[in-house]
Amino acid sequence: MRTFTATAAAALVVLSTAGRAATEPVNQEVVAKLKVEGFQHSDVMETLSWLSDVYGPRLSGSENLRKAGEWARDQMTHWGLEHAALEPYDEPTFRGWTLEHFDIAMVEPQYMRIYGYPMAWSPATAAPLTGTPIVVDVKSKDDFERYRGKLRGALVMNGRPRPVDIGFQPEATRLTDAALDKQEHELNPGDPSTLKDEENDFNKALDKQIEILKFFAAEGVAAVITPSSIPEAVRVSGYYDQKYHAPFPSFVFSREHYGRIVRMLDKKVPVKLSVSVTATFTDNIHGFNVVGEIPGSDPALRDQVVMLGGHLDSWHTATGATDNGAGCAVVLEAVRMLKAIGVKPRRTIRVGLWTGEEQDYFGSLGYVTRHFGSP
């Protein structure tokens with residue numbers, strides 16, 4: 001709790017000096033009031049609880065995301081912000097996807113409830129898919145010929161377990177000055193080429209992934225199963241539905257359970273899995289961002305905008321607390337504190353809670369397009 005409160009207070013100390021000319025003095029009285037409000041009357045954990053506990057998974061295009069956005073809009077209005085709204089962006093539209101139920105289990109040689117989830121935008125199964133899985137290792141189109149004609153109707157486990165660090169090293173380490181300097185220069189907002197490079201790298205990786213999905217679809221697989229990319233939990237994302245509508249469901253298993261099944265199959269033990277998913281699609285969902293602002297009080301400076309933002313959407317398998325409910329809670333706490341102490345900022349302070357971030361920054365790009373023209 002102290003960590004989030006301190007973060008919100010620090011954000012507001014930055015706000016109090018943001019955009020300020022070197023000759024403008026810092027208002028120490030305002031800074032002191034912010035510290036008292038942040039450390040003694042914080043609402044940041046309550047805000048985070050509403051976003052993550054109550055509304056939970058906030059997949060773009062889902063009803064949960066809309067409800068969370070409406071709640072954030074109403075809170076900003078309640079605190080006294082102006083122009084709080086769910087502001088739409090036109091492109092792209094989403095196929096909404098609602099996960100209703102799923103089951104994943106090993107049913108032979110004994111029963112084991114498997115830790116795992118379906119990937120977002122997986123199509124529903126008409127009935128449970130049951131069978132002995134086939135282990136493949138398809139990383140690129142160079143691997144296609146090894147499996148062509150062998151996968152029809154199969155439950156495909158793509159990839160073999162990788163060795164993992166057994167944990168002698170601490171999970172968190174302090175970055176060196178050199179590492180911090182490298183991160184500082186990886187993305188430079190003043191140099192659009194760095195953002196374009198990141199976008200190009202993302203799309204190249206996505207195109208490679210879709211090429212593999214299309215191969216599996218052409219081979220007629222029943223479902224694809226992959227291991228979690230991290231050992232500590234089941235990390236799940238989804239199909240990038242705006243680029244490719246996969247005709248088969250995919251599931252992500254915990255590394256522990258995935259590895260056990262592969263090792264049993266290596267020993268010629270006849271493992272049988274049963275997987276199912278019930279989900280519904282809704283076409284042509286328009287995305288939105290949640291916006292609101294504290295208008296600037298100085299006629300000469302009110303057109304200068306201090307922007308606070310975080311992405312409100314998450315994936316469907318968890319509550320989106322750290323990615324990025326925490327960031328949104330800090331942003332909302334910052335403006336709540338400003339209104340609570342009655343400060344009248346000279347510049348406009350605007351909130352933008354983006355959606356579509358997990359799919360490729362759709363919300364923030366949509367905001368730029370709406371307000372400033374092509375990004």
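Note that the structure is a prediction, hence the values are computed from the model and not measured. Heavy-atom basis, side chains included; hydrogens, waters and symmetry copies ignored.
Using a cut-off of 4.0 Å between Lys/Arg side-chain N and Asp/Glu carboxylate O, Arg152 and Glu219 are scored as not salt-bridged. A salt bridge is defined here as a Lys NZ or Arg NE, NH1 or NH2 lying under 4.0 Å from an Asp or Glu carboxylate O, and Lys344 with Asp298 fails to meet this definition. Under a 4.0 Å N-O distance rule, the pair Glu145/Arg148 qualifies as a salt bridge. Look at Arg263 and Asp266 and you find no salt bridge, because none of the NZ, NE, NH1 or NH2 atoms lies under 4.0 Å from a carboxylate O. Checked for salt-bridge contact, Arg336 and Glu333 meet the test: a charged N lies under 4.0 Å from a carboxylate O. By the 4.0 Å N-to-carboxylate-O rule, Asp137 lies too far from Arg160 to be salt-bridged with it.
Between Leu353 and Cys328, the closest heavy-atom pair is CD2-SG, 3.9 Å. Here the closest non-hydrogen pair linking Thr77 and Ala84 is OG1-CB, 3.4 Å. Taking all atoms of both residues into account, the shortest heavy-atom contact from Thr355 to Asp313 is CA-OD1, 3.6 Å. When all heavy atoms are compared, the tightest approach of Leu312 to Arg58 is O-NE, 2.7 Å. Residue Pro109 comes nearest to Val269 through the heavy atom pair CG-CG1, 3.9 Å, listed as atom of the first residue, atom of the second, then distance. Scanning all heavy atoms of the two residues, the minimum distance from Asn289 to Gly363 falls at ND2-O, 2.9 Å.
Linking Ile, Leu, Val, Met, Phe, Trp and Tyr residues whenever their side-chain heavy atoms come within less than 4.5 Å places Leu151 and Val224 in a single cluster. Tracing side-chain contacts under 4.5 Å through hydrophobic residues (I, L, V, M, F, W, Y), one reaches Val252 starting from Ile212; they form part of the same cluster. No single ILVMFWY cluster, assembled from side-chain heavy atoms under 4.5 Å apart, contains both Leu301 and Val335. Both Val291 and Val368 are assigned to one and the same hydrophobic cluster, defined by single-linkage of ILVMFWY side chains at heavy-atom distances under 4.5 Å. Ile134 and Met264 fall within the same hydrophobic cluster, where Ile, Leu, Val, Met, Phe, Trp and Tyr residues are linked whenever their side-chain heavy atoms come under 4.5 Å apart, directly or through other members.
Counting only residues at least two apart or in different chains, ring-ring contact (aromatic ring centres under 6.0 Å, His included) contacts with residues 302-335 comprise Trp97-His316.
Within the 4.5 Å cutoff, side-chain heavy atoms of Ile341 are placed close to those of Val30. In this structure the side chain of Leu129 reaches within 4.5 angstrom of the side chain of Leu155, judged on heavy atoms. Thr369 places none of its side-chain heavy atoms less than 4.5 Å from the side chain of Tyr367. The shortest side-chain heavy-atom distance between Phe94 and Phe362 falls under the 4.5 Å cut-off. The closest side-chain heavy-atom distance from Leu59 to Leu65 is not below 4.5 Å. Considering only heavy atoms from C-beta on, Pro249 comes within 4.5 Å of Pro123 through its side chain. For the pair Thr317/Pro57, no side-chain contact is recorded, criterion being any heavy-atom separation below 4.5 Å from C-beta on. Contact check for Glu256 versus Arg260: no side-chain heavy atoms found under the 4.5 Å cut-off.
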From CA spacing to verdict: ring pair (Phe, Tyr, Trp, His ring centres under 6.0 Å), Tyr240, Phe202:
CA-CA 12 Å; Tyr240 285 83; Phe202 173 81; 5.7 Å; yes
| message | Quick one, Thr125 with Phe102, criterion side chain to side chain contact (heavy atoms under 4.5 Å, CB included). Give me CA distance, side-chain angles, the key distance, then yes/no. | response | CA-CA 10 Å; Thr125 56; Phe102 69 95; over 6 Å; no
Check: For Tyr239 and Ser250, what are the C-alpha separation, side-chain angles and deciding distance, and is it a side-chain hydrogen bond (donor to acceptor under 3.5 Å, both in side chains)?
Finding: CA-CA 9 Å; Tyr239 291 128; Ser250 282; 2.6 Å; yes
(request) Evaluate the criterion side chain to side chain contact (heavy atoms under 4.5 Å, CB included) for residue pair Asn203 and Asp360; output intermediate values, then yes/no. (result) CA-CA 9 Å; Asn203 281 291; Asp360 198 12; 4.2 Å; yes
Determine, stepwise, if the pair Met157 / Val262 fulfils side chain to side chain contact (heavy atoms under 4.5 Å, CB included).
CA-CA 8 Å; Met157 298 182 71; Val262 170; 3.8 Å; yes
query = So Asp103 and Arg113, salt bridge (charged side-chain N to carboxylate O under 4.0 Å, His left out) or not? Walk me through it.
reply = CA-CA 9 Å; Asp103 278 305; Arg113 179 75 173 179; 3.0 Å; yes
For Asn284 and His286: C-alpha separation, side-chain torsions, deciding distance, then whether side-chain hydrogen bond (donor to acceptor under 3.5 Å, both in side chains) applies. CA-CA 6 Å; Asn284 297 321; His286 285 271; over 6 Å; no
*For Phe253 and Ile225, run side chain to side chain contact (heavy atoms under 4.5 Å, CB included): C-alpha distance rounded to whole Å, both residues' side-chain angles, the deciding distance at 0.1 Å, then the answer.*
CA-CA 7 Å; Phe253 288 7; Ile225 301 162; 3.7 Å; yes
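Within 6.0 Å of the CD atom in Glu29, the count of heavy atoms belonging to other residues, nucleotides or ligands does not exceed 12. Around atom NE2 of His371, more than 12 heavy atoms belonging to other residues, nucleotides or ligands sit under 6.0 Å away. Residue Tyr361 qualifies as open at atom OH: its count of foreign heavy atoms under 6.0 Å is 12 or below.
Considering CH2 of Trp121 and CG of Asp241, their distance stands at 6.5 Å, rounded to 0.5 Å. Here the straight-line distance linking atom CD of Glu108 with atom OG of Ser274 works out to 10.5 Å at 0.5 Å rounding. Distance CG/Leu273 to NE2/His257: 12.0 Å, rounded to 0.5 Å. In this structure, the separation between OG on Ser122 and CZ on Phe248 is 8.5 Å, given to the nearest 0.5 Å. Distance check, rounded to the nearest 0.5 Å: NZ of Lys139 to CG of Asn158 gives 8.0 Å.
Using a 3.5 Å distance cut-off with no hydrogens or angles, the side chains of Glu211 and Tyr244 do not pair a donor with an acceptor. For Gln359 and Ser60, the side-chain atoms include at least one donor-acceptor pair closer than 3.5 Å.
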Which atom pairs, donor and acceptor, lie under 3.5 Å between side-chain atoms of residues 47-54 and protein residues at least two apart or in another chain?
from  : atom 1 : to     : atom 2 : distance (Å)
Thr47 : OG1    : Asp43  : O      : 3.3
Ser49 : OG     : Asp53  : OD2    : 2.7
Trp50 : NE1    : Glu46  : OE2    : 3.2
Ser52 : OG     : Thr319 : O      : 3.3

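Ring geometry for Trp71 versus Tyr55: interplanar angle of 30 to 60°, hence tilted.
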